[in-house]
Number of protein chains: 2
Amino acid sequence: MNDKSTTLEQVAREAGVSPSTVSRILNGTAGVKDAKREAVERAISKLNYQPNKAAQALASGRSMTIGVLTQNIASPFYGECLEGIENGLSDTGYTPIFANGHWDANEEAHRIALLASRQVDGLIILTGSVTDGALIEQARRLPIVVTGRQLNAPNIKSFWLNDRAAARHATEHLIGLGHRQIAHIAGAQHHPDSHARLAGYREALSFTGIELDERLVARGDYSEGSGVIAVNQLLADRVPFTAIFAANDQMAYGARLALYQHGIRVPEDISLVGFDDLQNSIYTTPPLTTVRQPTFEIGVAAAATLVNMLGGQVPEPPEFGLELIVRDSTRRLR
Amino acid sequence: MNDKSTTLEQVAREAGVSPSTVSRILNGTAGVKDAKREAVERAISKLNYQPNKAAQALASGRSMTIGVLTQNIASPFYGECLEGIENGLSDTGYTPIFANGHWDANEEAHRIALLASRQVDGLIILTGSVTDGALIEQARRLPIVVTGRQLNAPNIKSFWLNDRAAARHATEHLIGLGHRQIAHIAGAQHHPDSHARLAGYREALSFTGIELDERLVARGDYSEGSGVIAVNQLLADRVPFTAIFAANDQMAYGARLALYQHGIRVPEDISLVGFDDLQNSIYTTPPLTTVRQPTFEIGVAAAATLVNMLGGQVPEPPEFGLELIVRDSTRRLR
DNA sequence: TTTTTCAATGACAACGCTTTCATGATAAGA
DNA sequence: TCTTATCATGAAAGCGTTGTCATTGAAAAA
């Protein structure tokens, strides 16, 4: 209504009480006579009052914001997780602030510092390349929830999934369908996930007694484009294969396209397995067999855990598992 | 280092100057002798000082944050735009804060109020159902950039694209390929975009003298699932068609899947056109012919425009156009 | 040299809220 | 009825900055 926004003091004057009282009503800090409470509430809605969060933050030391470090906001993978966090945070009074690390340890450290200077009350770190040490140091000032690693330290909770086991499971699925020449498109070089998934793939092969032909392992970077390149490479190498296990869905999409362009059918000629179960993987042609990551659920749980920590509790975060979702991109070899 | 974070005052003491001087150095507000500047800079890095944004916001009245109202953070469409905004904002000192409206006018109003109470310095509204009036009212206190509508008002800049013309163009592309029985999967009922795209479709048909069979217009809600349903519906209706123009890519993905499940080939049996050119549309099989929305670029431009407005300028935002990208999901009818 | 001007700096009052402390009023115990 | 807890409330001191104002010292002008 007016030009400057209304302040608590104006509300107090309008209601004929002291600012302290208004504050108490706002925060439920102490009992207040009904008469005054009503007067204040009337004043609040009359003046259309909204407390100034910056002032609240400064005075109370709590900003009611949570810093979320992702790697890439636009990626479908992080998108789902962010939505989970948003969901888990709604109605808690906390607001998430997102920052992109772009998979660069320095950048990440910088972003975290920036978040800290914004007085966030806690931190959610979605994977990332920050060192454990840096996190432990940060945790001395802020509670932290981190995904994608196992980290036991005071004031830190971590969500970790057994990528290796799941990758092994996915590969075994292909083996179970009779495939023996199984290519793998590995993820970005320095991601721990990539190693784990590659290790799972190797494990499945060696456990079954299949000798791994190193030429069947192509290196991608988790992007769709790298999936295309990987398949072209694989095809150019002329080492025969009947199935591909891609380290994530996005590369599987790229692989799918490259195969299509070569006139190779999925699953008739080649079976294809991804990893992540992005929302879109139901809608690819054919729908993609993949390992489901409970990304959204992890986001929700991470948020809830952090809020609990902020509430002074020491929550035991739930365990999550990975699950193979068999759709139509894989079939028995004949 | 220490338990509580360092304050400007501690830095001042360490450097042997007054807090004012430190503040001035931080903000470049006034000239400071080199000797002192160096002393202060040394103190800052020694104490690892980061200014408290909440305090800055309170004292200066500027929070250096920008509120961004999206509808759904996780959607690929908004994701690209958010990335653009993030990009356009980097190195400006401003940080975006995202809020989800979930396509509900009330929810949106509530989120905007929340953002306002966080003392954001400006607002970017990505489409949404808020009324123009509400925006104009908000704009009295905050500069606003809004996409998806044409709105000329003080303190508001808008980015608008001619969806109707582009939709017409897309439909004409199909007509030009010899298609006459063209189905349309319309977008969500109350989105202005849906109307515009449907109108463009109608326009193209009537301009070419093709009579529109209303049974060929299916109603979706912009989600992949609704594309599946729409095609199933269309097929069940048994009205023959040779091409589909979906009001967005996500529904086109769904349509693609439904066709696949019915054993109908794209583009051999049916041509398919989408709208948006999501990043994934290059990687569908076949790659999707679609109308490219410069989502990322609009995000960048929206951010830049808002920052300029905050800098006291009255920028003329750049114009953007829509462009038909012909890929492999459409072919000449024979 | 003396006066004027100006750049550099410090003191201090905001900014809008929370939170302790003190106080008067009310209810409970003696 | 008088004292003692208890409760509701107000006054006031921060929270960590910024920004105004006043002060100082030195360079420029006289």
Side-chain angles (χ1 to χ4, degrees), chain A residues 2-41 43-44 47-65 93 114 116-121 141, chain B residues 2-41 43-44 47-65 93 114 116-121 141:
Chain A
N2 2 313
D3 200 54
K4 288 307 308 162
S5 55
T6 34
T7 72
L8 188 149
E9 198 189 332
Q10 291 172 36
V11 172
R13 208 167 327 155
E14 171 80 25
V17 299
S18 77
S20 326
T21 304
V22 179
S23 170
R24 280 190 273 257
I25 291 178
L26 249 42
N27 303 295
T29 319
V32 170
K33 278 265 173 63
D34 280 350
K36 304 216 173 193
R37 151 166 286 118
E38 277 162 27
V40 168
E41 276 163 1
I44 286 180
L47 299 178
N48 199 5
Y49 169 73
Q50 283 274 113
N52 178 325
K53 301 273 183 188
Q56 290 185 316
L58 184 57
S60 69
R62 274 165 287 115
S63 66
M64 301 308 282
T65 67
L114 231 54
S117 87
R118 286 223 117 83
Q119 312 302 115
V120 297
D121 295 333
R141 352 188 84 245
Chain B
N2 2 312
D3 199 52
K4 287 305 310 159
S5 55
T6 36
T7 71
L8 186 148
E9 197 188 334
Q10 293 171 36
V11 172
R13 209 169 325 158
E14 170 80 25
V17 299
S18 78
S20 320
T21 302
V22 179
S23 169
R24 279 189 275 259
I25 291 178
L26 250 43
N27 303 294
T29 319
V32 170
K33 278 266 173 63
D34 279 350
K36 304 217 172 192
R37 152 165 286 116
E38 277 163 27
V40 168
E41 275 163 1
I44 286 179
L47 299 178
N48 199 4
Y49 168 73
Q50 284 274 111
N52 178 325
K53 301 271 183 189
Q56 290 185 315
L58 184 58
S60 69
R62 274 165 286 115
S63 66
M64 300 307 283
T65 67
L114 232 53
S117 87
R118 291 225 172 254
Q119 312 302 115
V120 296
D121 296 333
R141 352 188 85 241

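Protein chains get the first letters and strands the later ones, always in sequence-line order, with residue 1 at the start of each.
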**Request:** Do nucleotides 18-25 of chain C as a string where each nucleotide becomes B, S or -: B if the base has a protein heavy atom under 4.0 Å, S if just the sugar-phosphate does, - if no protein is that close.
**Result:** BBB-----
**Request:** Select base, sugar-phosphate, or nothing to describe what A:K36 touches, counting heavy atoms under 4.0 Å on all strands.
**Result:** sugar-phosphate
**Request:** Indicate whether OP1 or OP2 belonging to C:dG10 is found under 4.0 Å from a side-chain N or O atom of B:T21.
**Result:** yes
**Request:** Output yes when at least one side-chain N/O atom of A:S18 is less than 4.0 Å from OP1 or OP2 of D:dG10, else no.
**Result:** yes
Could you tell me the separation between the [atom1] atom of [X] and the [atom2] atom of [N], rounded to a whole number of Å?
X	N	atom1	atom2	result
A:K53	D:dT17	NZ	P	22 Å
A:R37	D:dC7	CZ	P	16 Å
A:Q50	C:dG16	CD	C1'	14 Å
A:D34	D:dC7	CG	C1'	14 Å
B:L47	D:dG16	CG	P	14 Å
A:E9	C:dC17	CD	P	9 Å
B:L58	D:dT18	CG	P	11 Å
A:R118	D:dT17	CZ	C1'	14 Å

**Message:** Taking side-chain hydrogen bond (donor to acceptor under 3.5 Å, both in side chains) as the cut-off, I'd like each qualifying pair that reaches into residues 11-21 of chain A, sequence neighbours left out, listed once.
**Reply:** A:E9-A:R13, A:E14-A:K46, A:S18-A:T21
With 3.5 Å as the limit, what N/O pairs link the protein to nucleotides 24-26 of chain D?
none

**Prompt:** At their closest point, which heavy atom of A:Y49 faces which heavy atom of A:L26, and how far apart are they?
**Reply:** CE2-CD2, 3.7 Å
**Prompt:** Of all heavy-atom pairs between A:M64 and B:R118, which one has the smallest distance, and what is that distance?
**Reply:** O-NH2, 3.0 Å
Partners meeting side chain to side chain contact (heavy atoms under 4.5 Å, CB included) with [X] (sequence neighbours left out):
X	value
A:Q50	B:A113, B:S117
A:A15	A:V17, A:A39, A:V40, A:A43
A:A59	none

**Fill in**
Residue pairs meeting salt bridge (Lys or Arg N to Asp or Glu O under 4.0 Å), one or both in residues 20-35 of chain B, sequence neighbours left out, come to none
**Request:** Can you run down the salt bridge (Lys or Arg N to Asp or Glu O under 4.0 Å) pairs that involve residues 50-64 of chain A, sequence neighbours left out, and say none if there aren't any?
**Result:** none
**Message:** Tell me every residue that passes side-chain hydrogen bond (donor to acceptor under 3.5 Å, both in side chains) with A:S63, counting only those two or more places apart in sequence or in another chain.
**Reply:** A:T65, A:D121
**Message:** Checking A:S23 now: which residues fulfil side-chain hydrogen bond (donor to acceptor under 3.5 Å, both in side chains) with it, not counting sequence neighbours?
**Reply:** A:N27
**Residues forming a salt bridge (charged side-chain N to carboxylate O under 4.0 Å, His left out) with B:R37, sequence neighbours excluded** = B:E41
**Message:** Five pairs per end, C1' atoms only: what is the angle between the end axes of the helix from C:dT1-D:dA30 to C:dA30-D:dT1, to 10 degrees?
**Reply:** 40°
